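Reading through the structure tokens given below for one structure.
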Amino acid sequence: MPREWRPRGPPASPRSSSNPQLAVIDVATEKVTSKLTFPDTADTPTVGGWAATTATDGSVYLGTYPNSKLYRHVPGTTTLTDLGRAEGGYSFIWDLEAGANGKVYGGTYDNGRYFKYDNGTFTTIGATPVVAGAEYVRSIAHDPAANATYLGTGTNASLVRYDNVTGRTDSLLPAEYTHNSMVGGLTWTGGRLFAWLDRTLLVLQVVKNADGSYRSVVDATITDTDLHHSPAADGKVWFVKEGLLQSYDIATKAVQATNVRPDLDVTGYSWENGTLAGLGAGPDGTRIFKYSPATGASSTRLVTGTPVLPAAINALGTGPDGRIYTGGYLTGGTGVYDPLHGDADDNRPDTPTRNGLNQTDSLLAHDGKLYIGVYPSARLYSYEPGGTWPPKLQYTGGATGDKAADCRTGEGPPPQDRPYALAGAPDGTVYMGTAPKYGKRSGALNIWQDGTPGRAVCVVPDQAVVSLAYAGGKVFGGTSTRGALGVNPVFAPGASAEVFSYDPANGAVARYPLPSTRAITALTEVDGQVWGLAGVTLLTFDPAAPGAMKTQRLFPDPDYDAKPTMAWRDGVLLTVPKDPDHVYGTQGDRIFKIDKVTKAVTVLLTKQGMEDLTADRFGDLYYKIGERLYRLTVHP
């Protein structure tokens, strides 16, 4: 009989201690003065928050996900007040900006809503979505003198000026940037609009035309910049470009680099008595960075006592060292669990969480290394156990392809974003299957080998590549008819998922559609054959004759319309050496095994929220629910 067990392994903690917290940090002393836990309910849990602003009355407002709630904190008090959900409730409040007289403006996903909070009341402003076709109001900037708000939207990028008095909307995004997915950051400061798109910072003048409309004039285009930048002080705006702190002079339009490296991912800047202060994530935790433009003095210090909370596990896999590696959802971080060592405490990780990587979507042990697929921009890292952390970046799928392309006739792939599948070949080549950047449908097969820059190849237009296996000298892939976020409809009309093969010898691609199938989320090599999951259907075929594929229905159909993300990653198949007679798998909320000869299916465990599957060197299985890692011991 199977035995379920909750091991000690990161990330792990009781639900009561996993609610997000607000840390209040004294900039002068660089110490945490208080920590406040966000209240929530079982029906509307608060997982985290991206948005924050300080209103004119000094109150701090915070926007959260996935419940799109707005909270208020009055400095000096010990409370966080739940103000309710923004206009009925959507997934995310992405950005907040302070207006006049205590007002707060915000933007949401997934219906592109622009809203105002004023004296206890939420009000939708303009149409819904505020820009036609927009799912994201991703960034907001406010000009209080003109009572105008600038909105950066996606997934097809737009930038508009919204007049809060007249309701007039004017488009400001230069034409050469319309192929971007969204405007990720906006700031109105020093009489200029600073707009960030895919590591490019645009400095824009906003000019009124004779007919009352507005247009933008580009003052400067600054490439390879981090997202956040400072408010203007002494006529300059500060930001990080190519790892160095640099300034932009609004009057002269000159960019000037310093030799200062903040060495942290700054999430916000402020000024304190003429000193620039930035707070963000470093490799060892929350750090505060300070720089004095007057003297050139700088410092980067760890802020002790900041909250350390478990993230939901987004991906898990077994490393070449036999340890179980877990990647945190959205906020990143990597947990490491050593099977059967130190299992006495389920609520404390065996090892400290390793920082330095964003959200992990896939892991592969190959040739003595752990390969890690990371979102965004489909980044492939390699790590040799015992080596330095963070791992080495080998390839970036987001830097390949053309933003205007989508694998149409004569085109290559668009830039890639979500690395859902990894496979390795005997010659050391690593293959990565990806979903594209926001607003695109066509994923790609990404091919990287040490000593090469790597490349992305179109295989099945309008479909993402979500599973891979190497067998019989070829790479086999499974697709999903779901493209990236932000495509409408969600699933490519009339399309069915496909198995494809890629021949490394000549680059030839062969395709094998499966009628009425939305996704093939698992492929693996089993005793020289290829096994796969197309939803709830088992696929088996000889790699020398994929056209002779056999199918067997295992379970009732999944509801991809209710949970479309299942069409990216709903199944896993694997083998364990201690049980050579079976293939183990997960689909939906169940773990099962399949007899290799008879194909008889035995369900081992059913549990709501169960996802993913890997096995340790002892043959025990591991899966995840939320921020918990579980082990299932199966006796053959």
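On a predicted model such as this, the values are computed, not experimentally measured, just so you know.
- Rounded to the nearest 0.5 angstrom, E135 CD and T155 OG1 are separated by 5.5 Å.
- Legend: residues meeting side-chain contact (heavy atoms from CB on, under 4.5 Å) with A51, ordered by chain and number and at least two apart, are I93, L96.
- Q256 and S247 share no donor-acceptor pair across their side chains, judged by distance under 3.5 Å alone.
- Proximity of a side-chain donor or acceptor of T396 to a complementary backbone N or O of G398 within less than 3.5 Å is not detected.
- The aromatic rings of F194 and H229 are tilted relative to each other, their planes meeting at an angle between 30° and 60°.
- Residues passing the ring pair (Phe, Tyr, Trp, His ring centres under 6.0 Å) test with Y383 are W389, sequence neighbours excluded.
- A salt bridge does not link R161 to D143: none of the charged side-chain nitrogens sits closer than 4.0 Å to a carboxylate oxygen.
- Qualifying salt bridge (Lys or Arg N to Asp or Glu O under 4.0 Å) partners for D95, counting only residues two or more places apart in sequence or in other chains: none.
- For residues 71-83, the set of pairs meeting the salt bridge (charged side-chain N to carboxylate O under 4.0 Å, His left out) definition, not counting sequence neighbours, comprises K69-D82.
- For the pair Y177 (side chain) and V183 (backbone), a donor-acceptor distance under 3.5 Å is absent.
- Side chain to side chain, N209 and R215 meet the donor-acceptor criterion of an N or O pair below 3.5 Å.
- Every pair passing salt bridge (charged side-chain N to carboxylate O under 4.0 Å, His left out) that includes a residue from residues 286-303 is listed here, sequence neighbours excluded: E30-K290, E30-R301, D284-R287.
- Applying the ring pair (Phe, Tyr, Trp, His ring centres under 6.0 Å) criterion to Y395, with sequence neighbours excluded, gives no partner residue.
- For CG of D57, the number of neighbouring non-hydrogen atoms (other residues, nucleotides, ligands) closer than 6.0 Å is greater than 12.
- The closest side-chain heavy-atom distance from V237 to P231 is not below 4.5 Å.
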Q. Are D417 and K440 close enough, and set up right, to give a salt bridge (charged side-chain N to carboxylate O under 4.0 Å, His left out), and what steps lead you there?
A. CA-CA 10 Å; D417 214 20; K440 301 292 185 178; over 6 Å; no
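- Surrounding CD of E176 are more than 12 heavy atoms belonging to other residues, nucleotides or ligands, all under 6.0 Å away.
- Between H142 and Y105, the gap from one ring centroid to the other is short of 6.0 Å.
- A side-chain donor from one of T46 and N67 sits under 3.5 Å from a side-chain acceptor of the other.
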Q: Decide side chain to side chain contact (heavy atoms under 4.5 Å, CB included) for R192 and T187; before the verdict, give the C-alpha distance in whole Å, the side-chain angles of both, and the deciding distance to 0.1 Å.
A: CA-CA 8 Å; R192 294 292 186 270; T187 305; over 6 Å; no
Q. Could you go step by step and tell me if R418 and D361 meet the salt bridge (charged side-chain N to carboxylate O under 4.0 Å, His left out) rule?
A. CA-CA 7 Å; R418 299 175 187 270; D361 281 348; 5.1 Å; no
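- Among I288, N273, L279, the one residue that satisfies the side-chain contact (heavy atoms from CB on, under 4.5 Å) test with V27 is I288.
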(Q) Checking Y375 against T360 for the side chain to side chain donor-acceptor pair (under 3.5 Å) test, could you report, in this order, the C-alpha distance in whole Å, the side-chain angles of both residues, the deciding distance, and whether it holds? (A) CA-CA 6 Å; Y375 164 87; T360 295; over 6 Å; no
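- Looking at heavy atoms from C-beta onward, T400 lies out of side-chain contact with P415 at the 4.5 angstrom threshold.
- The nearest pair of heavy atoms linking T331 to A311 is OG1-CB, 3.9 Å.
- Rounding to the nearest 0.5 Å places CG of L202 at 9.0 Å from CG of L193.
- Looking only at distances, a side-chain donor or acceptor of S230 sits under 3.5 Å from a matching main-chain atom of W238.
- Between the OG1 atom in T124 and the CZ atom in F115 there is a gap of 9.0 Å [rounded to 0.5 Å].
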Q: For I222 and T200, run side chain to side chain contact (heavy atoms under 4.5 Å, CB included): C-alpha distance rounded to whole Å, both residues' side-chain angles, the deciding distance at 0.1 Å, then the answer.
A: CA-CA 6 Å; I222 310 170; T200 294; over 6 Å; no
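- A donor-acceptor pair under 3.5 Å links the side-chain atoms of S362 to the main chain of P419, judged by distance alone.
- The salt bridge (charged side-chain N to carboxylate O under 4.0 Å, His left out) analysis of residues 236-260, with sequence neighbours excluded, yields the pairs D219-K253.
- Side-chain atoms of T33 never come within 3.5 Å of backbone atoms of I25 as a donor-acceptor pair (strictly under, hydrogens ignored).
- Qualifying side-chain contact (heavy atoms from CB on, under 4.5 Å) partners for S270, counting only residues two or more places apart in sequence or in other chains: A277.
- In this view, A98 and T53 satisfy the side-chain contact (heavy atoms from CB on, under 4.5 Å) rule, not counting sequence neighbours.
- With sequence neighbours left out, T178 forms a side-chain contact (heavy atoms from CB on, under 4.5 Å) with L173.
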Q.
Test side chain to side chain contact (heavy atoms under 4.5 Å, CB included) on L629 and I313; report intermediate values, then the result.
A. CA-CA 8 Å; L629 177 68; I313 300 173; 4.0 Å; yes
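- At distances below 3.5 Å, not a single donor-acceptor pair connects side-chain atoms of D170 with backbone N or O atoms of S213.
- Distance check, rounded to the nearest 0.5 Å: OG1 of T258 to CG of L245 gives 4.5 Å.
- Atom CG of D118 is surrounded by more than 12 heavy atoms from other residues, nucleotides or ligands within 6.0 Å.
- Proximity of K403 to N180: side-chain heavy atoms (C-beta onward) are separated by under 4.5 Å at one or more points.
- Of the possible donor and acceptor atoms, one in the side chain of K35 sits under 3.5 Å from a partner among the backbone N and O of G305.
- One N or O on the side chain of W196 and one on the backbone of T225 form a donor-acceptor pair closer than 3.5 Å.
- Side-chain contact check for S299 and Y291: no donor-acceptor pair (N or O, by modelled atom type) lies under 3.5 Å.
- Qualifying ring pair (Phe, Tyr, Trp, His ring centres under 6.0 Å) partners for Y438, counting only residues two or more places apart in sequence or in other chains: Y136.
- Listed by first and then second residue, the salt bridge (charged side-chain N to carboxylate O under 4.0 Å, His left out) pairs that reach into residues 18-27 come to none, sequence neighbours excluded.
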Q) Can you check side chain to side chain contact (heavy atoms under 4.5 Å, CB included) on Y114 and T108, steps first, answer last? A) CA-CA 7 Å; Y114 169 44; T108 68; over 6 Å; no
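- Classification of the W50-Y65 ring pair by plane angle, with boundaries at 30° and 60°, yields parallel.
- Judged by distance alone, with hydrogens and angles left aside, the side-chain atoms of D163 form no donor-acceptor pair with the main-chain N or O of A148 at under 3.5 Å.
- In this structure a side-chain-to-backbone donor-acceptor pair under 3.5 Å is present from Q359 to L330.
- In this structure, CD1 on I372 lies 12.0 Å from CG on N358, to the nearest 0.5 angstrom.
- Taking CG of L357 as the reference point, atom OH of Y325 lies at 11.5 Å (rounded to 0.5 Å).
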